[in-house]
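A short worksheet on the structure shown next.
Order of appearance sets the numbers: ligands from 1, and atoms from 1 within every ligand.
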Amino acid sequence: MIIAKARAVDGPDKTFRAAEIKRRDLDLHDVLIEIKYAGICHSDIHTAHGEWGPVNYPLVPGHEVAGIVTDVGAEVTKYKVGDRVGVGCMVDSCGECVNCRKGEEQYCLKGNVPTYAGVDKYGEPTQGGYSTHIVVTEDFVVRIPDNIELDAAAPLLCAGITTYSPLNHWGAGPGKKVAVVGMGGLGHMAVKIAHAMGAEVTVLSQTLSKREDGLQFGAENYYSTSDPKTFDKLAGSFDLIINTVSAKLDMDAYFGLLTLDGTLVNVGAPAEPLSVNVFSLIGHRRSFAGSMIGGIRETQEMLEFCSKHNIVPKIEVISADQIDEAYKRVLASDVKYRFVIDISTM
Ligand code: NAP
Ligand code: ZN
């Protein structure tokens, strides 16, 4: 058994503390990863605060994991010691259901095993990447391209794939107008990726304070959603809207921005239900959809896409002692644009 150093939280209102957690001995297909960097996703905050439902504490969040392979199980074929690898939001799935067989393991009919706050096939609670080591079956490990630094790679494992997958699925590309609502961790990746796919990108942010950054990330247009004129001006404009906002929004106002047959995809996951007036959908045959991360094959494809297009997140590297402060800043929309924990400070 391996003892890893970690940062854990003991309850919804508690702050992080140093902890030690156990990682299993390597099974035949397991890979031991020495974690170098872990991103802070807003989902970590929703979960740590118990907003999505009851959590078994102590909890070690973290599903944007980048590190180096330091040991492999006897039958591992995909990775060797020294490889640069990543782990995202899931560490296992049944592998047999129709969705797993399609490579959409995130939609496993038996439920994927989340990287933290889940239970693995050995019956043990899973603990995430705010830790020095993790053991993962090789099929849920991805390879980080050589031209992407490990600190910048970490957020691609959730923020990158969660935005790449719906942009890919709904055909963002030349001739398509894409709006991104909320320019935080996911939102800024959506802007970069949609731009690289060839779409015309518009950011819809609460204020214009991050406009210069948005244009630099590849947006052509940038509007403030606190200005009601924005909704009149942009009515019927977008083929695809990716909503990354972590809080409840007036969805009908955003549906009004879609073209005929346009789709709004929610990736933001606020705890509260969103309300919909169906007339704002049926009037122009609009769709309201959701999307969750992406499969392992698509995650590897996203990494290659980012490598080819030189896309990396804009990150702020912090020490393990700054996690609570980072959570506060994310909640205040004061993140530019992803906090990444330097695990060597643990
Ligand atoms: P984040 O960095 O906090 O970004 C969210 C952005 O939404 C903020 O930066 C802000 O952008 C905007 N926002 C926040 N509160 C708002 C409010 N009350 N009204 C309007 N806009 C608001 O969070 P993230 O890590 O990108 O995650 C975003 C959401 O996606 C979270 O709910 C997370 O759990 C979810 N998520 C889902 C998946 C999935 O698979 N579907 C995966 C990862 C994360 P502006 O300052 O530009 O307005
Ligand atoms: Zn995430």
Side-chain angles (χ1 to χ4, degrees), residues 38-49 51-53 61-65 86-90 104-107 112 114-117 128-130 154-167 169 179-193 202-214 217 219 222-227 230 241-251 253-254 265-272 274 289-295 298-299 302 313-316 326-340:
I40 293 180
C41 176
H42 206 120
S43 301
D44 300 351
I45 304 178
H46 290 303
T47 308
H49 290 176
E51 291 168 23
W52 284 346
H63 59 207
E64 294 186 334
V65 176
V87 177
C89 301
M90 54 184 171
E104 304 272 18
E105 303 89 351
Q106 72 279 30
Y107 304 123
N112 72 63
T115 306
Y116 61 82
Y130 299 1
L156 298 177
L157 281 315
C158 175
I161 183 61
T162 300
T163 50
Y164 178 88
S165 183
L167 288 166
H169 184 81
V180 175
V181 190
M183 202 174 74
L186 267 57
H188 94 293
M189 287 311 306
V191 173
K192 288 182 176 221
I193 292 170
T202 297
V203 177
L204 302 173
S205 180
Q206 293 167 97
T207 68
L208 295 178
S209 65
K210 296 179 281 193
R211 186 172 175 276
E212 289 312 311
D213 287 345
F217 297 154
Y222 198 107
Y223 291 94
S224 158
T225 54
S226 37
D227 179 354
T230 293
I241 300 178
I242 306 287
N243 176 19
T244 75
V245 172
S246 48
K248 189 174 173 178
L249 290 183
D250 172 4
M251 296 315 297
Y254 290 86
V265 184
N266 232 84
V267 292
E272 285 172 274
L274 302 176
S291 182
M292 189 173 78
I293 50 174
E298 195 178 29
T299 304
M302 174 275 307
K314 187 163 164 43
I315 58 171
E316 187 172 335
Y327 273 32
K328 281 191 196 134
R329 285 184 52 198
V330 172
L331 288 171
S333 299
D334 176 23
V335 52
K336 285 185 174 170
Y337 284 84
R338 201 55 143 186
F339 291 109
V340 173

Of all the non-hydrogen atoms in the protein, which one sits nearest to [atom], and at what distance?
atom                    : answer
atom 28 (C) of ligand 1 : Thr244 O, 2.9 Å
atom 26 (O) of ligand 1 : Leu186 N, 2.8 Å
atom 2 (O) of ligand 1  : Gly185 N, 2.9 Å
atom 12 (C) of ligand 1 : Gln206 NE2, 3.8 Å
atom 23 (O) of ligand 1 : His42 CB, 3.1 Å
atom 14 (C) of ligand 1 : Ser333 OG, 3.5 Å
atom 30 (O) of ligand 1 : Gly268 CA, 3.4 Å
atom 32 (O) of ligand 1 : His46 NE2, 2.8 Å

Using distance alone, decide if ligand 1 has a nitrogen or oxygen within less than 3.5 Å of any nitrogen or oxygen in [X].
X      : result
Leu249 : no
Cys158 : no
Val335 : no
Tyr222 : no
Met183 : yes
Gly187 : no
Ala269 : yes
Arg338 : yes

Query raised in the report: Which residues and atoms, counting only protein N, O or S, are under 2.8 Å from the Zn ion (ligand 2)?
Result: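 Sorted hits: Cys41 SG, His63 NE2, Cys158 SG.
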Rounded to the nearest 0.5 Å, what separates atom [atom1] in [X] from atom [atom2] in [Y]?
X      : Y      : atom1 : atom2 : answer
Ile293 : Glu105 : CD1   : CD    : 9.0 Å
Cys89  : Leu157 : SG    : CG    : 8.0 Å
Ser291 : Asn243 : OG    : CG    : 12.5 Å
Ser333 : His42  : OG    : NE2   : 8.0 Å

Query raised in the report: Which heavy atom of Pro155 sits nearest a heavy atom of Ile315, and at what distance?
Result: CG-CG2, 3.9 Å
Requested in this report: Check Ala179 against Leu204 and note the closest heavy-atom contact, atom names and distance.
Outcome: CB-CD1, 4.0 Å
**Report entry** Proximity to ligand 1 by part of Ser205, non-hydrogen separation under 4.0 Å
**Finding:** both
Query raised in the report: Is ligand 1 under 4.0 Å from a heavy atom in the side chain of Thr162, in the backbone, in both, or in neither?
Result: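 Within the 4.0 Å criterion, Thr162 contacts ligand 1 through side-chain atoms alone.
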Taking only non-hydrogen atoms of [X], do any sit less than 4.0 angstrom from ligand 1?
X      : value
Lys210 : yes
Trp52  : yes
Lys248 : no

Contact check, side chains of [X] and [Y], non-hydrogen atoms, under 4.5 Å:
X      : Y      : answer
Leu156 : Pro313 : yes
Tyr222 : Leu208 : yes
Ser43  : Trp52  : yes
Ile40  : Glu316 : no
Val181 : Tyr254 : yes
Val335 : Arg329 : no
Val245 : Pro270 : no
Met189 : Tyr164 : no

Query raised in the report: Using 30° and 60° as the class limits, which term best fits the ring planes of Tyr337 and His188: parallel, tilted or perpendicular?
Result: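 Tyr337 and His188: parallel rings.
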Requested in this report: Say whether Ser165 and Glu298, considering side chains only, have a donor N or O and an acceptor N or O under 3.5 Å apart.
Outcome: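 Per modelled atom types, Ser165 and Glu298 side chains form a pair under 3.5 Å.
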Query raised in the report: Using a distance-only test with no angle check, is there a side-chain donor-acceptor pair under 3.5 angstrom linking Tyr327 and Asp44?
Result: no
Using a 4.0 Å cut-off to any heavy atom of [X], which atoms of ligand 1 qualify?
X      : value
Ser43  : 33 (C), 34 (O), 35 (C), 36 (N), 43 (C), 44 (C)
Ile293 : 39 (C), 40 (O)
Ala247 : 17 (C), 18 (N)

Query raised in the report: Should Tyr107 and Asn112 be marked as a side-chain hydrogen bond (donor to acceptor under 3.5 Å, both in side chains) after you check the CA-CA gap, both sets of side-chain angles, and the distance that decides it?
Result: CA-CA 7 Å; Tyr107 304 123; Asn112 72 63; over 6 Å; no
Report task. Identify which of Pro155, Gly39, Pro270, Gly184 has a heavy atom lying nearest to atom 4 (O) of ligand 1. Result ->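 The option holding the nearest heavy atom is Gly184.
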